[in-house]
Amino acid sequence: MADPMSAITDAFTSFLFGKVETTRLPVRTSTGQAQAVYLPTAAPGLGDSGVIIGREVYSGKGYIYDPFQLYGQQLPAPHWLVLGESGNGKSALEKTYVLRQLRFRDRQVVVLDAQGEDGVGEWNLIAQELGITPIRLDPMAALDGGIRLNPLDPAITTTGQLALLRTIIEVAMGHGLDERSGFALKVAHSYVNETIVDRQPVLTDIVEQLRHPEAESAEAMNVDIDDVRAWGLDVALVLDRLVDGDLRGMFDGPTTAGINLDSPLIVFDLSHIDRNSIAMPILMAIVGVWLEHTWIRPDRKKRIFLVEEAWHIINSPFVAQLFQRLLKFGRRLGLSFVAVVHHLSDVVDGAAAREAAAILKMASTRTIYAQKADEARATGRVLGLPRWAVEIIPTLSPGIAVWDVNGNVQVVKHLVTEAERPLVYTDRAMTEDALALQMAAEAEAEERAAAAVEAVEAETYGGPSYGSTVA
């Protein structure tokens with residue numbers, strides 16, 4: 001029973017000041033109706049300085065991204081991984097991103113273009129629009145005076161040349177060089193560099209020296225000359241493929257004069273090379289080291305190195321180690337490495353799982369386009385994506401992707417301008433009617449994605465949860 005004095009005090013207070021408390025009846029409603037009482041909110045953006053990508057799907061805000069602007073503050077590394085199945089907009093994103101980056105005067109881009117149509121790479125139209133001739137690596141064209149890149153180019157340091165030769169051989173053999181084979185290669189390389197001074201040394205010189213080593217080389221190590229010859233035989237056979245095999249013409253001569261490494265855009269057209277052959281990782285290794293020693297310079301320029309079909313790099317232990325070093329080195333000199341991959345499982349389940357994990361760790365930005373549900377779940381586990389993002393990845397339509405920028409996860413619709421469209425969509429099947437259908441599908445997918453997020457949030461939190469910042 002209540003205290004009589006308290007009851008009298010409450011009655012007197014109510015008489016003077018009115019009733020202090022009110023009684024509210026409980027209200028039953030749905031989360032769809034209850035969310036109307038909340039202010040519309042959205043996750044914070046990445047700032048307003050950089051390249052416009054498109055708009056964030058749920059808030060409608062413009063989405064701006066630039067690794068050079070974010071590096072050191074919101075990004076621990078400027079490297080970027082782009083994932084997704086074919087036909088969902090990866091190439092369109094990369095092409096518009098490069099075109100927009102090149103509007104800044106201190107930008108320079110190298111593209112390894114491994115895909116093509118009608119005998120040219122898919123970056124050919126953009127190169128033409130900018131007045132640039134792609135560096136087309138083609139064994140048949142090289143025999144008729146086409147482009148050559150020399151692994152023994154004097155622009156590459158002696159140490160870099162030897163490291164490149166070892167990588168080429170290890171990729172082709174599928175295992176590391178043993179000490180004896182490595183010694184034979186080192187001796188041959190050293191002799192060629194010391195004795196050939198009137199021209200660029202070439203691979204033929206290395207092969208010849210491996211087959212016929214000098215007696216002084218054996219005497220210096222107190223071994224028999226026949227042993228040195230035997231140790232270098234397998235190495236000579238591998239390098240002979242670049243000289244007289246299916247890759248002949250591209251690397252067995254002096255570097256072609258006139259390659260403009262000061263051009264804002266440099267495109268290496270690899271579309272004439274079989275993407276599933278051992279030639280592709282060998283090419284990646286040669287181009288990567290050649291660029292490291294001839295292109296990346298401490299001149300305060302911001303450089304972007306974009307690699308299509310990048311699983312050829314990440315799936316080979318020896319090439320992955322080489323690019324891992326390039327990424328660490330390039331971070332100090334303003335290099336952003338962009339790797340475009342179809343399936344993450346091709347990488348993390350491959351022969352270079354450890355090296356792949358190290359490269360993925362360096363990529364602080366991850367963009368994921370539509371994938372099948374199983375692949376999306378596997379990707380989410382490896383990249384540490386939130387549950388709601390994993391759930392909507394299979395529902396995404398072309399042009400829409402989940403962006404994870406060092407933990408800032410948003411769903412972004414990539415926007416292509418009318419001026420960019422003919423340069424970006426190079427597939428002849430992409431007619432005007434097809435484009436209209438694609439745009440309708442994108443709008444429908446936005447609605448499906450929003451519904452999926454609401455369902456996950458309702459199940460997880462019991463109601464809507466959109467972030468912490470008022471839009």
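Bear in mind that the values here come from a model prediction, so they are computed numbers and not experimental data. Atoms considered below: every heavy atom in the structure, side chains included; atoms not considered: hydrogens, waters and symmetry mates.
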Quick one, Trp231 with Val223, criterion side chain to side chain contact (heavy atoms under 4.5 Å, CB included). Give me CA distance, side-chain angles, the key distance, then yes/no. CA-CA 11 Å; Trp231 296 346; Val223 295; 4.0 Å; yes

Do Val202 and Val192 pass the side chain to side chain contact (heavy atoms under 4.5 Å, CB included) test, and can you show the C-alpha distance, the side-chain angles, and the key distance before you say yes or no? CA-CA 9 Å; Val202 294; Val192 165; over 6 Å; no

Could you go through Asp299 and Gln108, starting from their C-alpha distance and side-chain angles, then the distance that decides it, and tell me whether this counts as side chain to side chain contact (heavy atoms under 4.5 Å, CB included)? CA-CA 11 Å; Asp299 55 5; Gln108 202 177 26; 5.6 Å; no

Test Gln209 against Glu214 for side chain to side chain contact (heavy atoms under 4.5 Å, CB included), laying out the working first. CA-CA 8 Å; Gln209 187 60 28; Glu214 297 296 322; 3.2 Å; yes

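By the neighbour-count criterion of 12 heavy atoms within 6.0 Å, atom CD1 of Ile52 is sparsely surrounded, having that number or fewer from other residues, nucleotides or ligands. Environment of NZ in Lys186: sparse, with no more than 12 heavy atoms of neighbouring residues, nucleotides or ligands closer than 6.0 Å. When the shell of 6.0 Å around CD of Glu129 is examined, it contains 12 or fewer heavy atoms from other residues, nucleotides or ligands. Around CG of Asp178, the count of heavy atoms belonging to other residues, nucleotides or ligands within 6.0 Å exceeds 12.
Minimum heavy-atom separation, Ile169 to Leu185: CD1-CD2, 3.7 Å. Among all heavy-atom pairs drawn from Leu335 and His79, the shortest one is O-CE1, 3.3 Å. Across all non-hydrogen atoms, the minimal contact from Gly182 to Leu177 is CA-CD1, 4.3 Å. Here the shortest heavy-atom pairing between Asp113 and Trp123 reads OD2-N, 2.9 Å. Between Thr256 and Arg148 the shortest heavy-atom distance is OG1-N, 2.7 Å. Taking each heavy atom of Gly87 and Pro398 in turn, the nearest pair found is O-CG, 3.6 Å.
You'll find the side chain of Trp403 reaches within 4.5 Å of the side chain of Tyr65, heavy atoms only. Inter-residue side-chain proximity for Phe251 and Leu283 is flagged as met; some heavy-atom pair is nearer than 4.5 Å. Inter-residue side-chain proximity for Ile147 and Phe268 is flagged as unmet; no heavy-atom pair is nearer than 4.5 Å. In this structure, Val267 and Ile132 have side chains that are not in contact, with every pair of non-hydrogen atoms separated by 4.5 Å or more. Side-chain contact between Met173 and Val238: present, with at least one pair of heavy atoms (C-beta onward) separated by less than 4.5 Å. Side chains of Val111 and Ile126 form no contact here, defined as non-hydrogen atoms less than 4.5 Å apart. Inter-residue side-chain proximity for Ile266 and Trp295 is flagged as met; some heavy-atom pair is nearer than 4.5 Å. Between Leu164 and Leu152 there is no side-chain heavy-atom pair separated by less than 4.5 Å.
Listed for the Ser336 side chain is a donor-acceptor partner under 3.5 Å among the backbone atoms of Pro78. A donor-acceptor pair is defined here as one N or O able to donate and one able to accept, closer than 3.5 Å; no such pair exists between the side chain of Gln410 and the backbone of Val405. Under the 3.5 Å distance criterion, the side-chain polar atoms of Asn88 are matched with a main-chain donor or acceptor of Glu85. Gln200 places a side-chain N or O within 3.5 Å of a backbone atom of Thr255 that can act as its donor or acceptor partner. Between the Asp404 side chain and the Arg366 main chain, no donor and acceptor come within less than 3.5 Å of each other.
Under 4.0 Å is where a charged nitrogen must lie from a carboxylate oxygen, and between Lys90 and Glu308 no such pair does. Glu420 and Lys95 are not joined by a salt bridge, as no carboxylate oxygen comes within less than 4.0 angstrom of a charged side-chain nitrogen. Contact check on Arg107 versus Asp66 returns a salt bridge, with a Lys/Arg side-chain nitrogen under 4.0 Å from an Asp/Glu carboxylate oxygen.
In this structure, CD on Gln69 lies 10.5 Å from CD1 on Ile64, to the nearest 0.5 angstrom. Taken to the nearest 0.5 Å, the CD1 atom of Ile400 stands 8.5 Å off from the OG1 atom of Thr395. Between the CG atom of Asn124 and the CD atom of Gln128 there is a distance of 4.5 Å, given to the nearest 0.5 Å. Remark: Leu423 CG to Leu99 CG distance equals 6.5 Å, nearest 0.5 Å. Rounding to the nearest 0.5 Å places CG of Leu112 at 8.0 Å from CG of Leu306. Phe68 contributes atom CZ, which lies 8.5 Å from atom CG of Asp106 (distance to the nearest 0.5 angstrom).
Considering only residues two or more places apart in sequence or on other chains, Glu94 meets the side-chain hydrogen bond (donor to acceptor under 3.5 Å, both in side chains) condition with none of them. The salt bridge (Lys or Arg N to Asp or Glu O under 4.0 Å) check on Arg229 picks up Asp226, with sequence neighbours excluded. Every residue was checked against the side-chain hydrogen bond (donor to acceptor under 3.5 Å, both in side chains) condition with Arg103, not counting sequence neighbours, and none meets it.
Side chains of Thr367 and Trp80: a donor-acceptor N/O pair is present below 3.5 angstrom, by distance only.
Checked options Arg55, Glu56, Lys61; the residue passing with Ser59 is Glu56 (criterion: side-chain hydrogen bond (donor to acceptor under 3.5 Å, both in side chains)). Here the rule is side chain to side chain contact (heavy atoms under 4.5 Å, CB included) with Pro151, and of Thr167, Ile156, Leu203 only Leu203 fits it.
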